[in-house]
Amino acid sequence: MSIKGRDIKGVSGLVCLGLMFPREAYALDTSEVSTTLNNLLSNGTGSNDTINTFVLLTLLSLVPVLLIMMTSFTRIIMVLSFVRSSLGTQQNPPNQVLIGLALFLTFFIMKPVYTDIYQQAIEPYDRQEISQAEVFDRSEKRIKAFMMIQTREKDIALFAEADGREEKYASSDDVPLTVMVPAFIISELRTAFSIGFLIFIPFLIIDLVVSSILMSMGMMMLSPIMISLPFKILLFVLVDGWYLIVESLIKSFQ
């Protein structure tokens, strides 16, 4: 999905405006604020621009939540955390590295979805062929179609029943976001824990073997974790673990 230079400048300007707004607001007198608001309300264009700016800033503040809850990020970051925990390497890789890898994998996996949203919603809106309401409607349908594929029917039925709807939804378009998003999240958690369980098994076997050998040698005071750690790292490197993990994550969304 290509981003125009003017769009980047516009977003940067909005971010700068959001950072500067509190300082400038505190510097204004109450009468000046009232005068400014009256002028904006009396001018239709100024009022619309102000409302649009406010909406965009609000959406920017919601981007982290949307990225975590409505994309592949949740499953990816949890699986990567399970890998680090099973290896027992404490803080290696660091959190910044895991989050960075999870973000780029999320962008890669979600690229077809965002491309469709851009072509079906953003570009027609730039050409003034559709309204803002239709932009959100088309974007919502595409993101719900992605979540529907990854969500179990059992989880959707749970929240649908709690919402007072007993009949099944015909398609993802009929499922409201209030039902789809929590169902998608618990489905992602279940999938991530299932993958994490499979990741833990080979490393658990190494820990058991090392512990048994140390006990048979009477070295009970020596920590098995310290001895097994190099063997777990060696095994992970020999099987090209990061390649296998990333490959499995990508294929799990296809």
Side-chain angles (χ1 to χ4, degrees), residues 1-18 48-79 99-153 155-156 159-160 163 169-189 191-192 246 249-254:
M1 183 177 74
S2 59
I3 301 178
K4 301 178 180 179
R6 60 182 179 87
D7 295 333
I8 297 177
K9 293 180 180 178
V11 174
S12 302
L14 291 176
V15 174
C16 294
L17 177 63
N48 291 334
D49 291 342
T50 304
I51 293 175
N52 291 336
T53 302
F54 175 76
V55 171
L56 287 175
L57 290 174
T58 303
L59 290 177
L60 286 176
S61 65
L62 294 176
V63 166
V65 178
L66 298 178
L67 178 64
I68 294 175
M69 299 303 176
M70 300 174 66
T71 65
S72 58
F73 182 83
T74 301
R75 183 189 304 183
I76 294 172
I77 192 63
M78 290 192 64
V79 170
I99 293 175
L101 177 59
L103 282 174
F104 279 101
L105 287 177
T106 300
F107 295 150
F108 179 81
I109 292 171
M110 299 297 296
K111 181 181 178 182
V113 178
Y114 295 149
T115 301
D116 292 342
I117 292 175
Y118 182 77
Q119 294 175 349
Q120 300 172 9
I122 305 300
E123 284 187 341
Y125 178 73
D126 287 340
R127 295 192 298 264
Q128 299 182 351
E129 297 176 356
I130 60 176
S131 62
Q132 288 184 356
E134 195 166 354
V135 171
F136 288 110
D137 184 60
R138 292 185 179 184
S139 302
E140 179 183 340
K141 287 182 179 179
R142 183 61 184 91
I143 196 69
K144 285 197 299 186
F146 165 78
M147 290 191 291
M148 188 74 171
I149 298 175
Q150 309 299 329
T151 307
R152 299 185 305 171
E153 294 183 2
D155 297 328
I156 296 178
F159 289 98
D163 194 36
Y169 295 103
S171 65
S172 61
D173 295 342
D174 300 330
V175 184
L177 279 177
T178 54
V179 172
M180 179 65 76
V181 174
F184 172 74
I185 293 172
I186 63 174
S187 295
E188 289 293 282
L189 292 176
T191 304
V246 171
L249 285 172
I250 294 175
K251 288 184 177 180
S252 66
F253 287 98
Q254 294 177 350

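Along the sequence shown, the residues carry numbers beginning at 1.
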Nearest heavy-atom pair of Ile117 and Ser139: which atoms, and what distance?
CG2-OG, 3.4 Å

Got a sec, which residues hit side-chain hydrogen bond (donor to acceptor under 3.5 Å, both in side chains) with Gln119, two or more places apart in sequence or on another chain?
none

Drop me the distance from Phe107's CZ to Tyr114's OH, to the nearest 0.5 angstrom.
7.5 Å

Tell me, please, which residues at least two apart from Glu129 pass side-chain contact (heavy atoms from CB on, under 4.5 Å).
Pro124, Arg127

Closer than 3.5 angstrom, by distance alone: can the side chain of Thr74 be matched with the main-chain N or O of Met69 as a donor-acceptor pair?
no

Do Ser252 and Arg75 come within less than 4.5 Å of each other through their side chains, counting heavy atoms only?
yes

Could you measure the distance from the CD atom of Glu188 to the CD1 atom of Ile77? Nearest 0.5 Å is fine.
13.5 Å

Among residues at least two apart in sequence or on other chains, which ones pass side-chain hydrogen bond (donor to acceptor under 3.5 Å, both in side chains) with Glu153?
none

Could you check whether any side-chain heavy atom of Phe159 comes within less than 4.5 Å of a side-chain heavy atom of Ile186, counting everything from C-beta outward?
yes

For Gln120, the side-chain hydrogen bond (donor to acceptor under 3.5 Å, both in side chains) test, sequence neighbours excluded, returns none

Which residues pass the side-chain contact (heavy atoms from CB on, under 4.5 Å) test with Thr106, sequence neighbours left out?
Leu67, Thr71, Ser72, Phe73, Ile76, Met110

At their closest point, which heavy atom of Ile250 faces which heavy atom of Ile109, and how far apart are they?
CA-CD1, 4.3 Å

Any idea which heavy atoms bring Met70 and Ile143 closest together, and the distance?
O-CD1, 3.7 Å

Sequence neighbours excluded, which residues qualify as side-chain hydrogen bond (donor to acceptor under 3.5 Å, both in side chains) partners of Asp116?
Arg142

Kindly indicate whether the side chain of Met147, heavy atoms from C-beta on, has any atom under 4.5 Å from the side chain of Val181.
yes

Please report the interatomic distance CG(Leu105) to CG(Leu101), rounded to the nearest 0.5 Å.
4.5 Å

Minimum-distance pair of heavy atoms, taken over all atoms of Ala160 and Val179
N-CG1, 4.0 Å

